[in-house]
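What you see is a predicted model; the values in this text were computed from it and never measured. Just so we're on the same page: letters track the sequence lines, and every chain starts at 1.
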There are 2 protein chains.
Amino acid sequence: MSTRDRLVETTRELLWERGYVGTSPRAIQQRSGAGQGSMYHHFAGKGELARAAIERGAAELRAAAEAQLSGAGTASERITGYLRRERDVLRGCPMGRLTQDPEVVASAELGAPVRETFAWLRERLAALIAEGVAGGEFAAGLDPDATAAAVVATVQGGYVLARAAGDPAPFGQAIDGILGLLERKDAR
Amino acid sequence: MSTRDRLVETTRELLWERGYVGTSPRAIQQRSGAGQGSMYHHFAGKGELARAAIERGAAELRAAAEAQLSGAGTASERITGYLRRERDVLRGCPMGRLTQDPEVVASAELGAPVRETFAWLRERLAALIAEGVAGGEFAAGLDPDATAAAVVATVQGGYVLARAAGDPAPFGQAIDGILGLLERKDAR
DNA sequence: GTCTATACGCGGATAGAC
DNA sequence: GTCTATCCGCGTATAGAC
(Lines give C-alpha, C1' and ligand atoms only; values in the text may rest on other atoms or scores of the structure.)
Protein backbone atom coordinates (compact mmCIF):
# COMPACT_ATOMS: atom_id res chain seq x y z
CA MET A 1 0.00 0.00 0.00
CA SER A 2 1.33 3.41 -0.91
CA THR A 3 2.03 6.07 1.66
CA ARG A 4 -0.89 7.99 0.26
CA ASP A 5 -3.20 5.04 0.74
CA ARG A 6 -1.97 4.44 4.24
CA LEU A 7 -2.71 8.05 5.08
CA VAL A 8 -6.25 7.74 3.77
CA GLU A 9 -6.90 4.45 5.54
CA THR A 10 -5.54 5.74 8.81
CA THR A 11 -7.67 8.84 8.52
CA ARG A 12 -10.74 6.66 7.99
CA GLU A 13 -9.98 4.77 11.18
CA LEU A 14 -9.43 7.90 13.19
CA LEU A 15 -12.53 9.63 11.84
CA TRP A 16 -14.50 6.55 12.77
CA GLU A 17 -13.09 6.39 16.27
CA ARG A 18 -12.81 10.05 17.15
CA GLY A 19 -14.66 12.12 14.56
CA TYR A 20 -13.31 15.09 12.65
CA VAL A 21 -12.65 17.43 15.57
CA GLY A 22 -11.02 14.62 17.51
CA THR A 23 -8.63 13.68 14.72
CA SER A 24 -5.33 15.54 14.45
CA PRO A 25 -2.77 15.53 11.66
CA ARG A 26 -0.22 14.49 14.25
CA ALA A 27 -2.26 11.40 15.16
CA ILE A 28 -2.68 10.51 11.51
CA GLN A 29 1.05 10.76 10.96
CA GLN A 30 1.92 8.67 13.97
CA ARG A 31 -0.55 5.89 13.29
CA SER A 32 0.15 5.71 9.57
CA GLY A 33 3.90 5.91 9.99
CA ALA A 34 4.12 8.82 7.57
CA GLY A 35 6.15 11.89 8.38
CA GLN A 36 4.98 15.46 8.56
CA GLY A 37 6.43 16.45 5.22
CA SER A 38 5.11 13.34 3.60
CA MET A 39 1.58 14.01 4.69
CA TYR A 40 1.62 17.61 3.50
CA HIS A 41 3.18 16.52 0.25
CA HIS A 42 0.22 14.24 -0.55
CA PHE A 43 -2.57 16.36 0.89
CA ALA A 44 -3.11 20.06 1.38
CA GLY A 45 -4.13 19.50 5.00
CA LYS A 46 -6.51 17.80 7.36
CA GLY A 47 -9.55 18.83 5.35
CA GLU A 48 -8.34 17.31 2.09
CA LEU A 49 -7.38 14.12 3.82
CA ALA A 50 -10.74 13.85 5.51
CA ARG A 51 -12.46 14.45 2.20
CA ALA A 52 -10.58 11.58 0.60
CA ALA A 53 -11.22 9.33 3.57
CA ILE A 54 -14.94 10.09 3.76
CA GLU A 55 -15.43 9.63 0.03
CA ARG A 56 -13.70 6.29 0.09
CA GLY A 57 -15.71 5.17 3.11
CA ALA A 58 -18.99 6.23 1.54
CA ALA A 59 -18.21 4.34 -1.66
CA GLU A 60 -17.39 1.16 0.25
CA LEU A 61 -20.45 1.39 2.42
CA ARG A 62 -22.69 1.76 -0.60
CA ALA A 63 -21.02 -1.11 -2.38
CA ALA A 64 -21.46 -3.37 0.64
CA ALA A 65 -25.10 -2.43 1.06
CA GLU A 66 -25.81 -2.81 -2.64
CA ALA A 67 -24.28 -6.29 -2.61
CA GLN A 68 -26.70 -7.34 0.12
CA LEU A 69 -29.75 -5.58 -1.23
CA SER A 70 -29.42 -6.70 -4.82
CA GLY A 71 -28.64 -10.31 -3.98
CA ALA A 72 -30.87 -13.31 -4.48
CA GLY A 73 -34.13 -13.88 -2.63
CA THR A 74 -37.39 -12.13 -1.93
CA ALA A 75 -37.50 -8.50 -0.90
CA SER A 76 -38.08 -9.57 2.67
CA GLU A 77 -35.13 -11.95 2.64
CA ARG A 78 -32.80 -9.35 1.21
CA ILE A 79 -33.84 -6.76 3.77
CA THR A 80 -33.43 -9.28 6.54
CA GLY A 81 -30.03 -10.22 5.19
CA TYR A 82 -28.98 -6.61 5.13
CA LEU A 83 -30.18 -5.98 8.66
CA ARG A 84 -28.63 -9.11 10.06
CA ARG A 85 -25.31 -8.91 8.32
CA GLU A 86 -22.34 -8.93 10.60
CA ARG A 87 -21.38 -5.57 12.00
CA ASP A 88 -18.81 -4.24 14.36
CA VAL A 89 -21.61 -2.84 16.44
CA LEU A 90 -19.68 -1.12 19.19
CA ARG A 91 -17.58 0.82 16.71
CA GLY A 92 -20.72 2.36 15.30
CA CYS A 93 -21.38 3.40 11.72
CA PRO A 94 -18.51 5.25 10.06
CA MET A 95 -20.94 7.46 8.12
CA GLY A 96 -23.56 7.95 10.82
CA ARG A 97 -20.84 9.02 13.18
CA LEU A 98 -19.86 11.95 11.02
CA THR A 99 -23.35 13.28 11.29
CA GLN A 100 -22.50 14.40 14.81
CA ASP A 101 -19.58 16.48 13.74
CA PRO A 102 -20.54 20.13 13.33
CA GLU A 103 -17.60 20.80 11.05
CA VAL A 104 -18.61 17.94 8.76
CA VAL A 105 -22.25 18.90 8.40
CA ALA A 106 -21.27 22.54 7.95
CA SER A 107 -18.91 21.69 5.10
CA ALA A 108 -20.25 21.04 1.62
CA GLU A 109 -17.17 19.02 0.71
CA LEU A 110 -17.18 16.82 3.77
CA GLY A 111 -20.91 16.52 4.25
CA ALA A 112 -21.94 15.67 0.70
CA PRO A 113 -20.82 12.03 0.68
CA VAL A 114 -22.63 11.45 3.98
CA ARG A 115 -25.81 13.08 2.75
CA GLU A 116 -25.74 11.17 -0.53
CA THR A 117 -25.06 7.85 1.11
CA PHE A 118 -28.10 8.05 3.37
CA ALA A 119 -30.31 9.43 0.61
CA TRP A 120 -29.28 6.56 -1.63
CA LEU A 121 -29.81 3.96 1.09
CA ARG A 122 -33.28 5.20 1.93
CA GLU A 123 -34.30 5.19 -1.71
CA ARG A 124 -32.86 1.78 -2.30
CA LEU A 125 -34.72 0.32 0.68
CA ALA A 126 -37.93 2.11 -0.22
CA ALA A 127 -37.85 0.54 -3.67
CA LEU A 128 -37.28 -2.87 -2.14
CA ILE A 129 -40.10 -2.38 0.34
CA ALA A 130 -42.42 -1.24 -2.44
CA GLU A 131 -41.48 -4.41 -4.27
CA GLY A 132 -42.34 -6.44 -1.18
CA VAL A 133 -45.66 -4.69 -0.77
CA ALA A 134 -46.50 -5.29 -4.42
CA GLY A 135 -45.59 -8.95 -4.03
CA GLY A 136 -47.73 -9.37 -0.94
CA GLU A 137 -44.77 -9.91 1.38
CA PHE A 138 -45.54 -6.80 3.40
CA ALA A 139 -48.81 -5.23 4.47
CA ALA A 140 -50.63 -3.50 1.67
CA GLY A 141 -50.99 -0.16 3.43
CA LEU A 142 -47.28 0.30 4.16
CA ASP A 143 -45.71 3.59 3.08
CA PRO A 144 -42.41 2.56 1.46
CA ASP A 145 -40.59 5.85 2.08
CA ALA A 146 -41.59 6.13 5.71
CA THR A 147 -40.92 2.47 6.36
CA ALA A 148 -37.51 2.70 4.71
CA ALA A 149 -36.66 5.71 6.87
CA ALA A 150 -37.69 3.76 9.96
CA VAL A 151 -35.55 0.79 8.94
CA VAL A 152 -32.44 2.88 8.31
CA ALA A 153 -33.08 4.84 11.49
CA THR A 154 -33.36 1.63 13.48
CA VAL A 155 -29.91 0.59 12.34
CA GLN A 156 -28.39 3.96 13.12
CA GLY A 157 -30.18 4.22 16.43
CA GLY A 158 -29.25 0.64 17.23
CA TYR A 159 -25.62 1.69 17.18
CA VAL A 160 -26.43 4.52 19.55
CA LEU A 161 -28.18 2.19 22.00
CA ALA A 162 -25.36 -0.32 21.85
CA ARG A 163 -22.71 2.29 22.49
CA ALA A 164 -24.75 3.81 25.28
CA ALA A 165 -25.01 0.38 26.90
CA GLY A 166 -21.43 -0.59 26.17
CA ASP A 167 -22.92 -3.82 24.81
CA PRO A 168 -23.89 -4.90 21.28
CA ALA A 169 -27.10 -6.58 22.46
CA PRO A 170 -29.46 -3.59 22.14
CA PHE A 171 -28.54 -3.31 18.48
CA GLY A 172 -29.72 -6.87 17.90
CA GLN A 173 -32.86 -6.21 19.87
CA ALA A 174 -33.72 -3.17 17.80
CA ILE A 175 -33.22 -5.18 14.61
CA ASP A 176 -35.39 -7.97 15.97
CA GLY A 177 -37.99 -5.38 16.86
CA ILE A 178 -38.20 -3.78 13.44
CA LEU A 179 -38.17 -7.13 11.68
CA GLY A 180 -40.91 -8.37 13.99
CA LEU A 181 -43.02 -5.39 13.02
CA LEU A 182 -42.25 -5.70 9.32
CA GLU A 183 -42.98 -9.37 9.08
CA ARG A 184 -46.58 -9.24 10.25
CA LYS A 185 -47.90 -9.28 6.76
CA ASP A 186 -51.62 -9.19 7.48
CA ALA A 187 -53.38 -6.43 5.60
CA ARG A 188 -54.47 -3.42 7.58
CA MET B 1 -28.75 32.38 37.60
CA SER B 2 -25.53 31.86 39.53
CA THR B 3 -22.17 31.75 37.85
CA ARG B 4 -22.03 28.09 38.68
CA ASP B 5 -25.35 27.47 36.96
CA ARG B 6 -24.34 29.48 33.95
CA LEU B 7 -21.21 27.39 33.63
CA VAL B 8 -23.21 24.17 33.73
CA GLU B 9 -25.81 25.39 31.24
CA THR B 10 -23.17 26.64 28.86
CA THR B 11 -21.37 23.33 29.08
CA ARG B 12 -24.60 21.51 28.25
CA GLU B 13 -25.01 23.62 25.14
CA LEU B 14 -21.45 23.09 24.02
CA LEU B 15 -21.51 19.35 24.68
CA TRP B 16 -24.69 19.16 22.65
CA GLU B 17 -23.23 21.12 19.75
CA ARG B 18 -19.66 19.91 19.73
CA GLY B 19 -19.31 16.90 21.99
CA TYR B 20 -16.78 16.40 24.74
CA VAL B 21 -13.60 16.50 22.67
CA GLY B 22 -14.86 19.54 20.80
CA THR B 23 -15.62 21.51 23.95
CA SER B 24 -12.82 23.53 25.51
CA PRO B 25 -12.68 25.25 28.90
CA ARG B 26 -11.85 28.41 27.04
CA ALA B 27 -15.05 28.19 24.99
CA ILE B 28 -17.10 27.52 28.12
CA GLN B 29 -15.63 30.57 29.79
CA GLN B 30 -16.22 32.82 26.83
CA ARG B 31 -19.79 31.78 26.19
CA SER B 32 -20.81 31.77 29.84
CA GLY B 33 -19.07 35.04 30.61
CA ALA B 34 -17.17 33.47 33.50
CA GLY B 35 -13.47 34.03 33.94
CA GLN B 36 -10.75 31.43 34.11
CA GLY B 37 -10.34 31.65 37.87
CA SER B 38 -14.06 31.57 38.37
CA MET B 39 -14.47 28.39 36.43
CA TYR B 40 -11.68 26.62 38.25
CA HIS B 41 -13.03 27.85 41.55
CA HIS B 42 -16.38 26.11 40.96
CA PHE B 43 -15.14 23.00 39.18
CA ALA B 44 -11.97 20.98 39.30
CA GLY B 45 -11.74 21.02 35.50
CA LYS B 46 -13.40 20.14 32.25
CA GLY B 47 -14.27 16.64 33.41
CA GLU B 48 -16.13 17.76 36.53
CA LEU B 49 -18.00 20.37 34.59
CA ALA B 50 -19.04 17.87 31.95
CA ARG B 51 -20.16 15.45 34.64
CA ALA B 52 -22.45 18.07 36.15
CA ALA B 53 -23.77 19.09 32.75
CA ILE B 54 -24.44 15.51 31.61
CA GLU B 55 -26.16 14.58 34.85
CA ARG B 56 -28.41 17.59 34.68
CA GLY B 57 -29.24 16.89 31.05
CA ALA B 58 -30.01 13.25 31.75
CA ALA B 59 -32.33 14.16 34.60
CA GLU B 60 -34.24 16.64 32.47
CA LEU B 61 -34.55 14.26 29.56
CA ARG B 62 -35.95 11.56 31.79
CA ALA B 63 -38.39 13.97 33.40
CA ALA B 64 -39.62 15.15 30.01
CA ALA B 65 -40.05 11.61 28.71
CA GLU B 66 -41.76 10.46 31.88
CA ALA B 67 -44.22 13.33 31.65
CA GLN B 68 -45.23 12.19 28.18
CA LEU B 69 -45.25 8.49 28.87
CA SER B 70 -47.16 8.59 32.12
CA GLY B 71 -49.81 11.02 30.87
CA ALA B 72 -53.43 10.26 30.10
CA GLY B 73 -54.58 8.01 27.28
CA THR B 74 -54.08 4.51 26.01
CA ALA B 75 -50.62 3.01 25.69
CA SER B 76 -50.71 3.67 21.98
CA GLU B 77 -51.71 7.29 22.45
CA ARG B 78 -48.98 7.92 24.97
CA ILE B 79 -46.32 6.36 22.77
CA THR B 80 -47.55 8.36 19.80
CA GLY B 81 -47.51 11.50 21.89
CA TYR B 82 -43.96 10.81 22.97
CA LEU B 83 -42.80 10.16 19.41
CA ARG B 84 -44.55 13.16 17.99
CA ARG B 85 -43.67 15.68 20.63
CA GLU B 86 -41.86 18.72 19.39
CA ARG B 87 -38.14 18.34 19.01
CA ASP B 88 -35.30 20.47 17.82
CA VAL B 89 -34.50 17.77 15.31
CA LEU B 90 -31.45 19.22 13.62
CA ARG B 91 -29.70 19.74 16.93
CA GLY B 92 -29.95 16.04 17.62
CA CYS B 93 -30.35 14.33 20.97
CA PRO B 94 -28.15 15.70 23.74
CA MET B 95 -27.71 12.24 25.24
CA GLY B 96 -27.45 10.25 22.03
CA ARG B 97 -24.79 12.61 20.83
CA LEU B 98 -22.50 11.74 23.71
CA THR B 99 -22.57 8.14 22.67
CA GLN B 100 -20.21 9.05 19.83
CA ASP B 101 -17.60 10.51 22.11
CA PRO B 102 -14.89 7.98 22.89
CA GLU B 103 -13.89 9.83 26.04
CA VAL B 104 -17.45 9.77 27.32
CA VAL B 105 -18.09 6.09 26.76
CA ALA B 106 -14.67 5.26 28.17
CA SER B 107 -15.37 7.13 31.38
CA ALA B 108 -17.49 5.59 34.11
CA GLU B 109 -18.36 9.01 35.50
CA LEU B 110 -19.39 10.57 32.21
CA GLY B 111 -20.91 7.51 30.59
CA ALA B 112 -23.10 6.32 33.45
CA PRO B 113 -25.88 8.91 33.10
CA VAL B 114 -26.08 8.21 29.38
CA ARG B 115 -26.21 4.47 29.89
CA GLU B 116 -28.83 4.76 32.61
CA THR B 117 -31.00 7.12 30.65
CA PHE B 118 -31.29 4.80 27.67
CA ALA B 119 -31.72 1.73 29.85
CA TRP B 120 -34.54 3.47 31.71
CA LEU B 121 -36.21 4.66 28.51
CA ARG B 122 -36.15 1.23 26.92
CA GLU B 123 -37.65 -0.36 30.02
CA ARG B 124 -40.27 2.30 30.34
CA LEU B 125 -41.36 1.88 26.74
CA ALA B 126 -41.25 -1.91 26.96
CA ALA B 127 -43.65 -1.79 29.91
CA LEU B 128 -45.97 0.49 28.00
CA ILE B 129 -45.85 -1.73 24.93
CA ALA B 130 -46.54 -4.79 27.06
CA GLU B 131 -49.53 -2.92 28.45
CA GLY B 132 -50.70 -2.19 24.90
CA VAL B 133 -50.29 -5.81 23.87
CA ALA B 134 -52.25 -6.97 26.93
CA GLY B 135 -54.99 -4.49 26.12
CA GLY B 136 -55.21 -5.59 22.51
CA GLU B 137 -53.90 -2.32 21.12
CA PHE B 138 -50.86 -3.98 19.60
CA ALA B 139 -50.37 -7.33 17.93
CA ALA B 140 -50.37 -10.23 20.36
CA GLY B 141 -47.05 -11.68 19.22
CA LEU B 142 -45.04 -8.49 19.74
CA ASP B 143 -41.89 -8.76 21.85
CA PRO B 144 -42.06 -5.72 24.14
CA ASP B 145 -38.31 -5.45 24.75
CA ALA B 146 -37.33 -5.75 21.10
CA THR B 147 -40.09 -3.43 19.99
CA ALA B 148 -39.12 -0.85 22.59
CA ALA B 149 -35.52 -1.02 21.40
CA ALA B 150 -36.70 -0.48 17.83
CA VAL B 151 -38.80 2.51 18.86
CA VAL B 152 -35.98 4.21 20.77
CA ALA B 153 -33.55 3.38 17.98
CA THR B 154 -35.89 4.93 15.43
CA VAL B 155 -35.84 8.19 17.32
CA GLN B 156 -32.07 8.19 17.69
CA GLY B 157 -31.54 7.14 14.11
CA GLY B 158 -34.09 9.69 12.94
CA TYR B 159 -31.82 12.40 14.28
CA VAL B 160 -28.93 10.89 12.36
CA LEU B 161 -30.91 10.85 9.10
CA ALA B 162 -32.08 14.41 9.61
CA ARG B 163 -28.61 15.71 10.30
CA ALA B 164 -27.21 13.78 7.37
CA ALA B 165 -29.83 15.35 5.10
CA GLY B 166 -29.57 18.80 6.67
CA ASP B 167 -33.35 18.64 6.90
CA PRO B 168 -35.71 17.60 9.70
CA ALA B 169 -38.05 15.74 7.32
CA PRO B 170 -36.42 12.29 7.48
CA PHE B 171 -36.93 12.28 11.24
CA GLY B 172 -40.65 12.70 10.74
CA GLN B 173 -40.67 10.02 8.09
CA ALA B 174 -38.94 7.54 10.35
CA ILE B 175 -41.47 8.26 13.11
CA ASP B 176 -44.32 7.83 10.64
CA GLY B 177 -42.76 4.58 9.53
CA ILE B 178 -42.44 3.05 12.98
CA LEU B 179 -45.91 4.22 13.99
CA GLY B 180 -47.34 2.78 10.77
CA LEU B 181 -45.80 -0.56 11.63
CA LEU B 182 -46.87 -0.46 15.26
CA GLU B 183 -50.45 0.43 14.54
CA ARG B 184 -51.30 -2.57 12.41
CA LYS B 185 -52.86 -4.39 15.28
CA ASP B 186 -53.92 -7.60 13.53
CA ALA B 187 -52.69 -10.69 15.28
CA ARG B 188 -49.81 -12.55 13.67
C1' DG C 1 8.75 12.23 -1.85
C1' DT C 2 10.45 12.62 2.67
C1' DC C 3 12.89 14.92 6.48
C1' DT C 4 13.81 18.53 10.01
C1' DA C 5 13.06 23.13 11.73
C1' DT C 6 10.17 26.63 12.99
C1' DA C 7 5.83 29.23 14.03
C1' DC C 8 1.80 30.57 16.57
C1' DG C 9 -2.32 30.03 18.88
C1' DC C 10 -5.29 26.81 21.58
C1' DG C 11 -6.21 23.21 25.24
C1' DG C 12 -6.06 22.41 29.86
C1' DA C 13 -4.48 23.64 34.02
C1' DT C 14 -1.85 25.89 38.32
C1' DA C 15 -0.40 30.03 41.26
C1' DG C 16 -1.18 33.71 43.72
C1' DA C 17 -3.01 38.55 44.10
C1' DC C 18 -7.21 41.09 45.20
C1' DG D 1 -15.26 34.28 44.32
C1' DT D 2 -12.92 36.40 40.67
C1' DC D 3 -8.86 38.20 38.22
C1' DT D 4 -4.31 38.10 35.93
C1' DA D 5 -0.05 35.69 35.02
C1' DT D 6 2.20 31.80 33.66
C1' DC D 7 3.10 26.98 32.06
C1' DC D 8 3.69 23.27 28.71
C1' DG D 9 2.39 20.47 25.13
C1' DC D 10 -0.71 19.84 21.09
C1' DG D 11 -3.03 21.31 16.70
C1' DT D 12 -2.21 22.85 12.27
C1' DA D 13 0.44 24.39 9.35
C1' DT D 14 4.78 26.58 6.34
C1' DA D 15 9.81 26.59 4.80
C1' DG D 16 13.42 24.70 2.97
C1' DA D 17 17.07 21.03 2.92
C1' DC D 18 18.04 16.41 1.07
Side-chain angles (χ1 to χ4, degrees), chain A residues 1-56 97-98 100-111, chain B residues 1-56 97-98 100-111:
Chain A
M1 196 158 49
S2 68
T3 294
R4 200 194 148 88
D5 276 343
R6 271 185 296 110
L7 282 164
V8 174
E9 288 306 312
T10 299
T11 304
R12 282 178 65 185
E13 286 177 23
L14 284 168
L15 286 178
W16 193 354
E17 291 169 22
R18 314 191 38 83
Y20 186 77
V21 269
T23 296
S24 70
R26 185 184 282 256
I28 295 170
Q29 290 152 209
Q30 284 171 351
R31 194 184 285 196
S32 70
Q36 178 90 337
S38 192
M39 186 192 117
Y40 281 99
H41 170 73
H42 291 290
F43 296 93
K46 174 176 166 173
E48 284 290 304
L49 243 176
R51 187 178 181 354
I54 293 172
E55 280 169 1
R56 189 181 287 186
R97 203 252 172 268
L98 297 172
Q100 302 300 324
D101 244 299
E103 327 241 349
V104 170
V105 293
S107 153
E109 310 269 285
L110 299 178
Chain B
M1 197 158 48
S2 68
T3 295
R4 200 193 149 91
D5 276 343
R6 271 186 298 109
L7 282 164
V8 174
E9 288 306 311
T10 299
T11 303
R12 283 179 64 184
E13 286 177 24
L14 285 167
L15 287 178
W16 194 354
E17 291 168 22
R18 312 190 41 82
Y20 186 78
V21 268
T23 296
S24 70
R26 187 186 281 262
I28 295 170
Q29 289 152 209
Q30 284 171 353
R31 194 184 283 196
S32 70
Q36 179 90 338
S38 191
M39 187 194 114
Y40 281 100
H41 169 73
H42 291 290
F43 296 94
K46 174 177 167 173
E48 284 291 303
L49 204 32
R51 187 179 182 353
I54 293 172
E55 280 169 2
R56 189 181 288 186
R97 203 252 172 267
L98 297 171
Q100 301 300 322
D101 244 301
E103 327 242 352
V104 171
V105 293
S107 152
E109 309 269 286
L110 299 178

Just how far, in rounded Å, is C1' of D:dC7 from CZ of B:Arg26?
13 Å
Roughly, in whole Å, what's the span from CD1 in B:Ile28 to C1' in C:dG11?
11 Å
Quick check on C:dC3: is either OP1 or OP2 less than 4.0 Å from any side-chain nitrogen or oxygen of A:His41?
no
B:Arg31/B:Glu17 salt bridge by N-O under 4.0 Å criterion
yes
Which nucleotide in the set D:dC3, C:dT2, C:dA5 lies at the smallest distance from any side-chain heavy atom of A:Gln36?
C:dA5
Reckon A:Thr23 touches a base, only the sugar-phosphate, or nothing at all at heavy-atom distances under 4.0 Å?
sugar-phosphate
B:Met39 atom CE is separated from C:dG11 atom P, nearest whole Å, by 12 Å
Between A:Leu49 (CG) and D:dT12 (P), how many Å, whole number?
12 Å
Among D:dT2, D:dA13, C:dG11, which nucleotide has an atom closest to any side-chain atom of B:His42?
D:dT2
Looking only at the side chain of B:Pro25 (C-beta and beyond, no hydrogens), which of the listed nucleotides D:dT12, C:dG11, C:dC3 gets closest?
C:dG11
Round to a whole Å and report the spacing from CG of B:Leu14 to C1' of C:dG12.
15 Å
Could you tell me if the side chain of A:His41 sits less than 4.5 Å from the side chain of A:Thr3, heavy atoms only?
no
Under 4.0 Å, heavy atoms only, any strand: does A:Gly37 hit a base, just the sugar-phosphate, or nothing?
base
When you measure from the side-chain N and O atoms of A:Thr3 to the phosphate of C:dT2, is any distance below 4.0 Å, counting only OP1 and OP2?
yes
Among D:dG11, C:dT2, C:dG12, which nucleotide sits nearest the side chain of B:Ser24?
C:dG12
Side-chain donor/acceptor of A:Arg18 to backbone N/O of B:Pro102, under 3.5 Å:
no
Separation of atom OH in B:Tyr40 from atom P in C:dA13, rounded to whole Å
4 Å
Side chain of A:Ser38: nearest nucleotide among D:dC10, C:dC3, D:dC3?
C:dC3
Check whether any side-chain heavy atom of B:Leu110 lies under 4.5 Å from a side-chain heavy atom of B:Glu103, and answer yes or no.
no
Take atom CD of B:Gln29 and atom P of C:dA13, then tell me their distance rounded to the nearest Å.
11 Å
Contact check, side chains of B:Glu9 and B:Arg56, non-hydrogen atoms, under 4.5 Å
yes
Nearest-nucleotide check on DNA chain D, A:Ala27 vs A:Ala44; residue mapping nearer the 5' end is A:Ala27
Whole-Å gap separating P (D:dT12) and CZ (A:Phe43):
16 Å
